[in-house]
Amino acid sequence: MTAERTQVAIIGAGPAGLTLAHVLHAHGIESVIIERRDRAYVERRLRAGVLEQGTVDLLRTLGLGARMDREGLVHHGINLQFGGERHRIALSELTGGRVITIYGQHEVVKDLIAARLAHGGQIAFGADDVSLHNITSDRPRVQFRHDGRLRELHCDVIAGCDGSHGVSRDAMPPGERQIFERAYPFSWLGILAAVPPSLGEVVYAHHEHGFALHSMRGPQITRLYVQCSPDDTLDSWPDERVWLELEARLSTTDGWTVQRGPVLEKSITTLRSVVMEPMQHGQLFLAGDAAHVVPPTGAKGMNLAVADARVLGEALACWYRRGDRNGLDDYSATCLRRVWRAEHFSWWMTSMLHRFPGHDAFQERLQLSQLRYVCRSTAAATSLAENYVGLEHV
Ligand code: APR
Ligand code: PHB
């Protein structure tokens, strides 16, 4: 067994773990990232792609924004569709000029990995059998198998950034944590298509066949989703069926519809809401999906992961610099305020836009009333807009 030492052991090279490593580096704090998958896998994994203003600002401050600023698409609004009509929510006008940036999560991940390695940072890709030890002592350690040998990393703090299927959350003693969750009775089937977006902005559509979403990854690539049954497999969704449903759910009565193109990727995502409280125990701190999951309606997942990493990184910097533990002690409470706001927002968007089992005329009228209110009332539209671009103070 090889014994090594670092200040912060980070488990997981997703947006949470990578952002944390960069925030720590900016404060002169050393870390090692331990990642189960190989680099190519992590860099190719397709996820959502809407960055809040605060996420963009942080990446720029850390010197990680160059490609995002060149290739990301800045959007000033989103669209809600129902009854075959499109209604624009003017995000920037309603939020004092704030914007969202369309830039795929895996592009962020690629930029963060490249910069981390260029700074001489260590990322152990392809690590197996990761286990956490002594998390309530001031000498925690992480063991893992890597490149055929057993490694032991001694550290001051462990950051569990290993997503919703990782090992870190299970290291929290069951008696010391509470889990809050909701499963939704539907999934999203998503495709990436080699065709220019049919509209310059994101469209969320309410339709009697179920929800649909039009988004994009660049001037030549469209990202589209349709609500499907949680039991569906990719076999039940040949390309032709996907396009027919997208056309049915996204077309407007003025003749606009989605343009078809070669399907580059197709996958199914389940929708759930999960929060673990607290997000810390001893010297173990959870960040991102390891501590909470949101349904993708509202695109909050990556933004929450980055926000946790910033709070944790700054709290660790105060602790190392001045021995001040207040930020670390308050870590969970600070993050959970933002997390629960995003949990509510994404649950609310999901409830307003999807078709539920047992969906009846009453539910339909409630959804349509809510949609009309959000589109016609400046107060309601502002509430949606400020949540969508990301609330600074929650
Ligand atoms: N050991 C080491 N690494 C692990 C382990 C493990 N046992 N289990 C999982 N991992 C890795 C995963 O391979 C992944 O690269 O941890 C990383 C977690 O990254 P994400 O799942 O991207 O989670 P996070 O960084 O919190 O970012 C949240 O990702 O799932 C999306 O929608 C979500 O956009 C949100 C974002
Ligand atoms: C995406 O572009 O993948 C996307 C956009 C908005 C969402 C979810 C996903 O709410």
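Numbering of ligands and ligand atoms starts at 1, following listing order.
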For the student: nearest non-hydrogen atoms of Pro296 and Leu271, plus distance: CD-CG, 3.6 Å
Does Arg86 qualify as a cation-pi partner of Trp256, given the criterion of NZ or CZ under 6.0 Å from the six-membered ring centre and within 45 degrees of its axis? yes
Are any of the side-chain nitrogens in Asp69 or Arg60 under 4.0 Å away from the carboxylate oxygens of its partner? yes
What closest approach, in Å, do Ala380 and Ser377 show between heavy atoms, and which atom pair accounts for it? N-OG, 3.0 Å
Answer yes if the side chains of Glu93 and His76 hold a donor-acceptor pair under 3.5 Å, and no otherwise. no
Test: Lys266 and Asp239 ion pair at under 4.0 Å: yes
Would you tabulate the polar-atom pairs, meaning N/O of ligand 2 against N/O of the protein, with distances under 3.5 Å, reported to 0.1 Å?
unit_1	atom_1	unit_2	atom_2	d
ligand 2	2 (O)	Ser215	OG	2.6
ligand 2	2 (O)	Arg217	NH1	2.9
ligand 2	2 (O)	Arg217	NH2	3.4
ligand 2	3 (O)	Arg217	NH2	2.7
ligand 2	3 (O)	Tyr225	OH	2.6
ligand 2	10 (O)	Tyr204	OH	2.6
ligand 2	10 (O)	Pro296	O	2.9
ligand 2	10 (O)	Gly298	N	3.2
ligand 2	10 (O)	Ala299	N	3.4

Give me the atom names and distance for the closest heavy-atom approach of Ala385 to Ile89. CB-CG2, 4.3 Å
Counting only non-hydrogen atoms and a 4.0 Å cut-off, the residues near ligand 1 are Ile11, Gly12, Ala13, Gly14, Pro15, Ala16, Ile34, Glu35, Arg36, Arg37, Arg45, Arg47, Gln105, Val130, Cys161, Asp162, Gly163, Gly166, Val167, Gly288, Asp289, Gly301, Met302, Ala305
For a side-chain contact (heavy atoms from CB on, under 4.5 Å) with Leu18, tell me which candidate from Leu64, Val108, Ile123 qualifies. Ile123
Aromatic centroids of Tyr331 and Trp319 separated by under 6.0 Å: no
